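These notes concern the structure reproduced below.
Quick caveat: nothing in here was measured; it's all calculated off a predicted structure.
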Amino acid sequence: MLLKNKVAVITGSNRGIGKEILKNFSKNGANIFACARTVDDNFTNYLSDLEREFKNKITPIRLDLYSEDQIKEAASKILKESDNIDILINNAGTIHTALFQMTSVKKLEEIFKINFFSQSMFTQYIVKSMVKKKNGSITYISSTASIDGNVGRSAYASSKAAINSYAKVLSRELGPYNIRVNVIAPGLTDTDMMSTNTPHDIIEKTVANTALKRIAKPEEIANVALFLSSEFSSYVTGQIIRADGGMWDAFW
């Protein structure tokens, strides 16, 4: 097991890529703080099922990235229970699709708040544990849109591009503490977020312009997160790893 006895914090762990990372990390022996905006019976029952199957400990944490109070409260609960955090996966986020002329400043601020500012704040709290013990791995889930600049994604793409730059800076600042910081930039991935926000014709066009001729499975992105969080990537930091199936001509 690649993460045996490691302690991981995963945001947005109740669906999509985050849910697969949660399952993958559980399978590989990590004890996990599973952060989600909604902590209901379905979610807690799912966590209990994982615990029984993989014999690890999973603590549900309510985290709404739109609320600074929630961010502080969630981080406080985590650090109170464990001051030995090894891994942080910043996966939670939101998306918006509209031409830039139709994207209000208010909407732009909302997307940046969730995808960038709140993630920065949460990282600042959690990283204290890593700095203290001089070890850790931080991974942000970004998007190929942050690099390719897809039409209709001005707010989303720019907020994810900010994360890309931010992570590179953090990798340099935290490197002396043996804390690695990387980014995964997935292409189209089979999640509810994709199906809800990406027109079918765009999916077909993207698949046609992808070497593997398909979209990603969430577990395939989770495997990249597992690699970046394990000792197999002990000399990898400051990188933006595209997991896009060999996408080209990605401008919609």
Between Gln239 and Val236, is a side-chain contact (heavy atoms from CB on, under 4.5 Å) present by the stated rule, with each step listed?
CA-CA 7 Å; Gln239 302 305 305; Val236 179; 3.9 Å; yes

Is there a salt bridge (charged side-chain N to carboxylate O under 4.0 Å, His left out) between Arg242 and Asp148? Walk through the geometry before answering.
CA-CA 11 Å; Arg242 289 185 67 124; Asp148 298 336; 3.0 Å; yes

Could you walk me through whether Ile203 and Asp201 pass the side-chain contact (heavy atoms from CB on, under 4.5 Å) test, one step at a time?
CA-CA 5 Å; Ile203 296 174; Asp201 63 317; over 6 Å; no

Worked verdict on Glu220 versus Arg214 for salt bridge (charged side-chain N to carboxylate O under 4.0 Å, His left out):
CA-CA 12 Å; Glu220 292 176 307; Arg214 63 179 178 85; 2.7 Å; yes

Go through it in stages, so that I can follow the logic: the residues are Val127 and Ile179, the test is side-chain contact (heavy atoms from CB on, under 4.5 Å), and I'd like the CA-CA distance, side-chain angles, deciding distance and then a yes or no.
CA-CA 9 Å; Val127 80; Ile179 299 170; 4.1 Å; yes

Let's go through Asp244 and Thr144 carefully: what are the C-alpha distance in whole Å and the side-chain angles of both, what is the deciding distance for side chain to side chain donor-acceptor pair (under 3.5 Å) to 0.1 Å, and is it a yes or a no?
CA-CA 7 Å; Asp244 65 3; Thr144 52; 5.9 Å; no

Carefully, step by step, assess Thr59 and Ile32 under the rule side-chain contact (heavy atoms from CB on, under 4.5 Å).
CA-CA 6 Å; Thr59 304; Ile32 300 168; over 6 Å; no

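Side-chain contact between Asn31 and Lys6 is absent, with no heavy atoms from C-beta onward closer than 4.5 Å. Within the 4.5 Å cutoff, the side chain of Ile61 has heavy atoms near those of the Lys77 side chain. At least one side-chain heavy atom of Leu99 sits less than 4.5 Å from a side-chain heavy atom of Val151. In this structure, the side chains of Ile184 and Pro186 come closer than 4.5 Å at one or more pairs of heavy atoms. In this structure the side chain of Cys35 reaches within 4.5 angstrom of the side chain of Ile78, judged on heavy atoms. Residues Arg172 and Lys168 form a side-chain contact, since some pair of their non-hydrogen atoms from C-beta on lies under 4.5 Å apart. By the 4.5 Å heavy-atom criterion applied to side chains, Ser146 and Ile163 are not counted as neighbours. Side-chain contact between Leu174 and Val181: present, with at least one pair of heavy atoms (C-beta onward) separated by less than 4.5 Å.
With sequence neighbours left out, the side chain to side chain contact (heavy atoms under 4.5 Å, CB included) criterion links Ser137 to Thr139, Arg180, Ser229. Legend: residues meeting side chain to side chain contact (heavy atoms under 4.5 Å, CB included) with Lys72, ordered by chain and number and at least two apart, are Tyr125. Checked against side chain to side chain contact (heavy atoms under 4.5 Å, CB included), Arg62 has the following partners two or more places apart in sequence or in another chain: Val39, Gln70.
The backbone N or O of Thr191 lies less than 3.5 Å from no partner atom in the side chain of Thr189, so there is not a single donor-acceptor pair. Without hydrogens or angle criteria, Ser104 side chain to Lys107 main chain gives a donor-acceptor distance under 3.5 Å. A donor-acceptor pair under 3.5 Å links the side-chain atoms of Asn28 to the main chain of Asn24, judged by distance alone. Looking only at distances, no side-chain donor or acceptor of Asp83 sits under 3.5 Å from a matching main-chain atom of Leu79. Under a 3.5 Å cut-off, the side chain of Thr210 and the backbone N or O of Met247 do not form any donor-acceptor pair. Of the possible donor and acceptor atoms, one in the side chain of Ser118 sits under 3.5 Å from a partner among the backbone N and O of Leu65. Between the side chain of Glu73 and the backbone N or O of Ile71 there is no donor-acceptor pair closer than 3.5 Å. Lys134 contributes no side-chain N or O that, together with a main-chain N or O of Asn178, makes up a donor-acceptor pair within less than 3.5 Å. The main-chain N or O of Ile141 is found under 3.5 Å from a side-chain atom of Lys160 such that the two form a donor-acceptor pair. Without hydrogens or angle criteria, Asn14 side chain to Ala36 main chain gives no donor-acceptor distance under 3.5 Å.
In the hydrophobic cluster analysis, where Ile, Leu, Val, Met, Phe, Trp and Tyr join through side-chain heavy atoms closer than 4.5 angstrom, Ile114 is grouped together with Ile138. One hydrophobic cluster, built from ILVMFWY side chains closer than 4.5 Å, cannot hold both Ile221 and Val207; they sit in different ones.
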With a cut-off of 3.5 Å and sequence neighbours excluded, list every side-chain donor-acceptor pair involving residues 85-93.
unit_1: Asp86; atom_1: OD1; unit_2: Lys133; atom_2: NZ; d: 2.7
unit_1: Asp86; atom_1: OD2; unit_2: Val7; atom_2: N; d: 2.8
unit_1: Asn90; atom_1: ND2; unit_2: Thr123; atom_2: OG1; d: 3.1
unit_1: Asn91; atom_1: ND2; unit_2: Thr11; atom_2: O; d: 3.2
unit_1: Asn91; atom_1: ND2; unit_2: Gly12; atom_2: O; d: 3.0

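Residues in residues 14-69 take part in no ring pair (Phe, Tyr, Trp, His ring centres under 6.0 Å) pair, two or more places apart or across chains. Within the structure, the ring pair (Phe, Tyr, Trp, His ring centres under 6.0 Å) test picks out the following pairs touching residues 73-116 (sequence neighbours left out): Phe116-Tyr166.
The 12-atom threshold is exceeded at NZ of Lys113, counting heavy atoms of other residues, nucleotides or ligands nearer than 6.0 Å. Crowding of Lys57 atom NZ: a count of heavy atoms from other residues, nucleotides or ligands under 6.0 Å not exceeding 12. Atom NZ of Lys106 has 12 or fewer heavy atoms from other residues, nucleotides or ligands within 6.0 Å.
Between Leu2 and Ser230, the closest heavy-atom pair is CB-CB, 4.2 Å. Closest approach of Ser26 to Ile58, counting heavy atoms only: OG-CD1, 3.6 Å. Among all heavy-atom pairs drawn from Thr103 and Ser154, the shortest one is OG1-OG, 3.8 Å. Among all heavy-atom pairs drawn from Gly18 and Ile10, the shortest one is O-CG2, 4.2 Å.
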